[in-house]
Each structure stands twice: as structure tokens, then as C-alpha cells.
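Report on the structure given below.
Worth knowing before you read on, the calculation uses all heavy atoms, side chains too, and leaves out hydrogens, waters and symmetry mates.
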Amino acid sequence: MTSSPSSPTLEKGLRSLQAAAFCGLGTQHIFLACVTPLAMALNLPGWLFSLVLAGSGLAWIAGTRWWGRPHRAQGPALRAALSGLGLAMLALAGWTAGLPGWTGTLPASAQAAVLLASRSAMSFCLAGIPVLAMSWLAAHTLPAERAGTLSRYASAGALGMVLAPAIAALASQAALPAVLAATALLPMWGAVRMRHWPQALPPPAPQTGQSSGPAQAAAQNERPGAMPGIRPPGSASQGSSPAWPLRMGAGLAYGAVIACNLSLSFLWPERHGMDGAQALSWSGISLAAAGLGAPLAQAWMRRRPWRDDAQGVRAGVLSAALGLAGMALTPWAWLVPPCMGLTGLGLAWLLPHLQSAAMAGVPPAQLRAVASQMAGMQGWAMLAAPAVCVPLLAAGAAWPALAAAAALLGCLGWCPAPRPLSRLT
């Protein structure tokens, strides 16, 4: 039996993983949309609330390492991750519901501790979704089609960015505990949906005339122009660790998202002279435009896939950097959403090709470890990006986005000569 992205069994698995991504990242974006009313409800000082949120980056890093271990089958592990995410959100909703009563009399340190525990649990569980999904897709997709398949998976999660602004508006009108409790049902539904996920698929058959043995894979990895991070299978010390350019590229991509959001929040009053209500409306439109970049990137890659991972990385870097610079420098508010859409498009090209390059030539037993290290860069970005952006914001709201654009352009120096994916097995 041969698996390919067009086979009904693999398509069924991909749809289940897309549902998991939508439920997991949708919950994440809805929580972020509720951050402001939650901070007001808990009556926490801004510095303490920011410190608690930054601590979730450590939980993300720990989560990627935990879920990256082959200690559980991927199906049960994904169900556990989604269920844990829903329970953490439900616990936070219950605590918030008790604020008018006995929980509201506790000191700020106790409120911060509860928020830290629930937020860390959310990040820990959420980190397992990309690790388990990416490793499963990489193991059952031909290398020539891997980046496109990963893009299809990521586009489902990006739709949460489109929903988050609407939920933020709902949170401002409805009771916050009710919104959080309703959101908890999303990952719970995803866990139930994962019962229909096929788990026993054979690996994809090598392409005609190709050998999938370690000798040929090692020879391909030594070929001039290979993507960084592609190492010969069977290397116990290096096979499960992507090279630093790939990990750094992923970290910069995730950091660019954080820098973009920080610049966007402060640009509205600083450059465009908007009040709070206007800024919230325009931020929602802009974030929705960025979220739509992922399905657009997926549609492009299905019709006209890039020649190889190197070309996809270059296209993603240029598009994202141009969008970030345009968003930071334009004097017209109406031009910000198109720039955000261009940024989302570029990042949706960049990340799948970086992930695909990291997993090329890696034996199936080590794919989960590689996916863990690539996904773990998001946690490091959650820790480093805010610290870097604070002094930049003091110089002006545009500087974090401009610095992110410059850092992404530095990735162009790491991109090697093109290497056709069709020659990989």
C-alpha cells in the first residue's frame, strides 16, 4: 500500500490534524483577545501581568520537549494535549467567575499565581499539537509534497486569527467567564474529533527509480547546495537536531509575529491618531488580514509550488519583510491591513519550508524530536522578543516591526543553492 497526500486515508488524517490545529490555535488566539478584559477583571498591575504571560514561554519550551518524546502514540497524545488545553481554559473560566465572591478577596500575588498556572498549562498542552502533527505528516508525506502539506495544516490554525477579533468584541459585551468557558469547548471538541484519526499508515513509497536507503540519503545530504540541517539518517548524535540556521530562522519568524503585534498596538495612537475604540477596530481588521495570508499561501503552493525549500524560504522572507516594513512606515491607516496580509502570506510560506527542510533525510524514529526542536523555537521567541522590543518601543512604535524585517532579511544569507525536492525520498 502506498500513501500520498491524495489518498483518502491520508486526507482523512490531515483533516483531523487541521481540526486539531484550528481548535488549539483558535483557543490560543481567543485567549489573547481576552487578555485586556482579563487583566482588568483580575486587577493585576501591567508589569505583573506581562511577567506572567512571559512565563508561558518556558512552559511552551518544556511542552515541546515532553511531547517530543516517543513515550505515547500520537493519537492518544494529541487527544491528551487538546483535553488538557480545554481543562486549563475551563479552570481559568471558573476562577474568573468567582471573582465577585471569595476569589476576588485574594491578593494580587494569588491572582497572578492562578493565572500563571492556568496559562502555563495551556502553553504546555498547546505545544504538543504542532510537534505531534508535524512529525506525523512528515512521516507519511513524500518530501516533494511535504511543505505543501504542512502549509495546508498550518492554514487551519491561522483561521483563529480571523476569529479572535470577533471574540474580543464579544468578550467586551458578554460575561468574561462565559466566553472563556465556551472557548474551552473548542479543544474538547477537537479531542473527540481525534478519535477518527487514522494512526496506522505505512510510510510513503519511494519514488520510481529512487532508493530510500541510508546510503543514498547520506549522499544526498552531502550534495552541494543542500538545505542546512539535513543530516544523514542513522547519526544518533546529530540526526535529531536541525542545524542552527533552520532553528534560528523559525525563531525569527515567530519573533516577527510578536514584534509585529507590539508595533501594531502602539502605531494606531502614535502615527494614526486613533482612540481606543478605533484602534481596536483597525487592529481586528489587520489581524484578520494577516490570518487570511495562510490560506492564500496554501492555495498558491497547491497550484504553483516552489521549486524547493530554499526558494520557498526566500519568497517567504521577502514577502514578510516587505509587509512588516510597509506596516511600520505607511502614513495611511487603510494600507496597514494589506501589509499585514502580505506579512501573513510570507510567514505562511517561510515556516512550512523551514520545517520541511529540517525533516528532510531524517529517519521516522527521529521525526518527533526534530519537530519538537523546531516548534520549541516559538517558546524562545515568546521569551526573547518582548525583551528586545521594549527598548525599541521607547524609540518609536515602528521600530520592533522594522527590526523584525531586518532580522528576517538576514535569513537570506543562510539560504543555500536550490535543491529540487523531487530528488529526495
Side-chain angles (χ1 to χ4, degrees), residues 25 28-29 32 35 50-51 53-64 123 126-127 130-131 154 157-158 161 228-229 242-267 286-287 290-291 293-294 313-314 316-328 339-340 342-355 357-358 371-415:
L25 294 182
Q28 165 85 337
H29 288 302
L32 294 177
V35 159
S50 301
L51 187 63
L53 294 181
S56 64
L58 294 174
W60 182 282
I61 296 171
T64 55
S123 293
L126 186 62
V131 171
M161 295 180 65
W244 71 265
L246 296 177
R247 284 178 285 169
M248 184 62 69
L252 289 176
Y254 292 125
V257 175
I258 298 173
C260 178
N261 289 336
L262 289 173
S263 281
L264 189 67
S265 299
F266 291 96
L267 270 174
S286 302
L287 289 174
V313 168
R314 292 189 184 99
V317 164
L318 292 174
S319 176
L322 182 60
L324 287 168
M327 180 272 290
C339 290
M340 289 288 291
L342 189 61
T343 301
L345 179 69
L347 293 174
W349 279 335
L350 174 61
L351 283 169
H353 282 287
L354 286 173
Q355 294 158 354
S372 170
Q373 293 204 23
M374 294 298 289
M377 297 309 299
Q378 184 171 348
W380 290 110
M382 293 164 66
L383 290 174
V388 173
C389 289
V390 166
L392 294 176
L393 284 172
W399 284 107
L402 292 175
L408 285 176
L409 288 174
C411 293
L412 293 177
W414 305 336
C415 294

Within-4.5 Å side-chain heavy-atom neighbours: [X] and [Y]:
| X | Y | answer |
| --- | --- | --- |
| M327 | L267 | yes |
| I258 | C389 | no |
| P130 | M374 | no |
| V313 | V317 | yes |
| L318 | L408 | no |

Which value, rounded to the nearest 0.5 Å, describes the distance between [X] atom [atom1] and [Y] atom [atom2]?
| X | Y | atom1 | atom2 | answer |
| --- | --- | --- | --- | --- |
| L126 | Q378 | CG | CD | 7.5 Å |
| S319 | L350 | OG | CG | 10.0 Å |
| M377 | L246 | CE | CG | 10.5 Å |

Could you report the tightest heavy-atom contact between [X] and [Y], atom names first, then the distance?
| X | Y | value |
| --- | --- | --- |
| W60 | S123 | CE3-O, 3.7 Å |
| L264 | S286 | CD2-CB, 4.1 Å |
| L392 | A403 | CD1-CB, 3.8 Å |
| A401 | A328 | CB-CB, 3.9 Å |
| A405 | A325 | CB-N, 4.4 Å |
| R247 | Q373 | NH1-OE1, 3.4 Å |

*Is there a donor-acceptor pair closer than 3.5 Å between any side-chain N or O of W380 and the backbone N or O of I61?*
no

Checklist entry - Between T343 (side chain) and L324 (backbone), is there a donor-acceptor pair under 3.5 Å? => result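 Yes.
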
